[in-house]
> 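This is the structure, below, for whatever I ask next.
Excluded from the calculations below are hydrogen atoms, water molecules and symmetry mates; all remaining heavy atoms, backbone and side chain alike, are included.
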Amino acid sequence: DLHSFPTRRSSDLAISAETQQVLAHELYSLAHRGRCQLVIATHSPFLLSLPDALIYNLDATPVQTAKWYELENMRSYYNLFKMHSSSFES
């Protein structure tokens, strides 16, 4: 239920990965059930990777659309996890 999520305008509001996944599911359902459009500013890979997301890369000049896995911060996460992949396999 979206009403259980805190509503703040603070950019430093951090939520756990588990909660981000729940939020992503709720937002995806809302967008498809309610036929509404959502505008979200985020660095969350769970929100960025939602199916059918139209992502504007505001770091690009000029601003352009991108796939979530093309974004610099997502590539950084990927490279970090890839470098430490053996830690996840034990």
Side-chain angles (χ1 to χ4, degrees):
D1 182 9
L2 285 176
H3 297 292
S4 64
F5 290 98
T7 55
R8 297 185 187 164
R9 294 179 183 246
S10 176
S11 62
D12 61 348
L13 176 64
I15 58 176
S16 71
E18 181 181 335
T19 303
Q20 290 178 54
Q21 291 176 70
V22 171
L23 178 59
H25 174 75
E26 292 292 330
L27 293 174
Y28 184 78
S29 295
L30 179 65
H32 284 81
R33 239 190 357 238
R35 298 177 187 213
C36 62
Q37 189 175 47
L38 304 169
V39 178
I40 301 169
T42 186
H43 289 101
S44 168
F46 301 105
L47 297 180
L48 290 168
S49 65
L50 284 172
D52 305 321
L54 177 60
I55 299 168
Y56 290 94
N57 183 356
L58 301 180
D59 292 328
T61 306
V63 172
Q64 57 189 318
T65 60
K67 302 290 185 190
W68 69 274
Y69 50 82
E70 297 171 333
L71 299 171
E72 185 177 334
N73 61 328
M74 294 299 106
R75 299 299 301 175
S76 295
Y77 287 137
Y78 172 76
N79 291 331
L80 172 70
F81 293 137
K82 187 175 178 182
M83 185 171 55
H84 296 284
S85 64
S86 63
S87 298
F88 291 96
E89 296 169 5
S90 56

> Look up atom OG1 in T19 and atom CZ in F46, then write down how far apart they are to the nearest 0.5 Å.
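Separation between the atoms: 10.5 Å.
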
> Apply the hydrophobic cluster definition, ILVMFWY joined by side-chain contacts under 4.5 Å directly or through others, and give me every member besides Y78.
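Noted: Y78 shares its cluster with no other residue.
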
> Residues two or more places apart in sequence or in another chain: which of them pass side-chain hydrogen bond (donor to acceptor under 3.5 Å, both in side chains) with N79?
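Listed in chain order: nothing, the list is empty.
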
> With clusters defined by side-chain heavy atoms of hydrophobic residues (ILVMFWY) lying less than 4.5 Å apart, directly or transitively, does I15 cluster with L48?
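No, separate clusters.
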
> According to the side-chain hydrogen bond (donor to acceptor under 3.5 Å, both in side chains) rule, which pairs have a member within residues 39-51, sequence neighbours left out?
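side-chain hydrogen bond (donor to acceptor under 3.5 Å, both in side chains) check on residues 39-51 returns Q20-S44.
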
> Output a table of donor-acceptor pairs, distance under 3.5 Å, between side-chain atoms of residues 53-76 and any protein atom two or more places apart or on a different chain; print 'none' if there are none.
| from | atom 1 | to | atom 2 | distance (Å) |
| --- | --- | --- | --- | --- |
| N57 | OD1 | D59 | N | 2.9 |
| E70 | OE1 | K67 | N | 2.8 |
| S76 | OG | E72 | O | 3.1 |

> Can you tell me how far NE2 of H25 sits from CG of L30, rounded to the nearest 0.5 angstrom?
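L30 atom CG to H25 atom NE2 measures 11.0 Å (nearest 0.5 Å).
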
> Could you work out, with ring pair (Phe, Tyr, Trp, His ring centres under 6.0 Å) as the rule, every residue matching H32, not counting sequence neighbours?
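Partners of H32 by the ring pair (Phe, Tyr, Trp, His ring centres under 6.0 Å) criterion, ordered by chain and then number, come out as Y28.
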
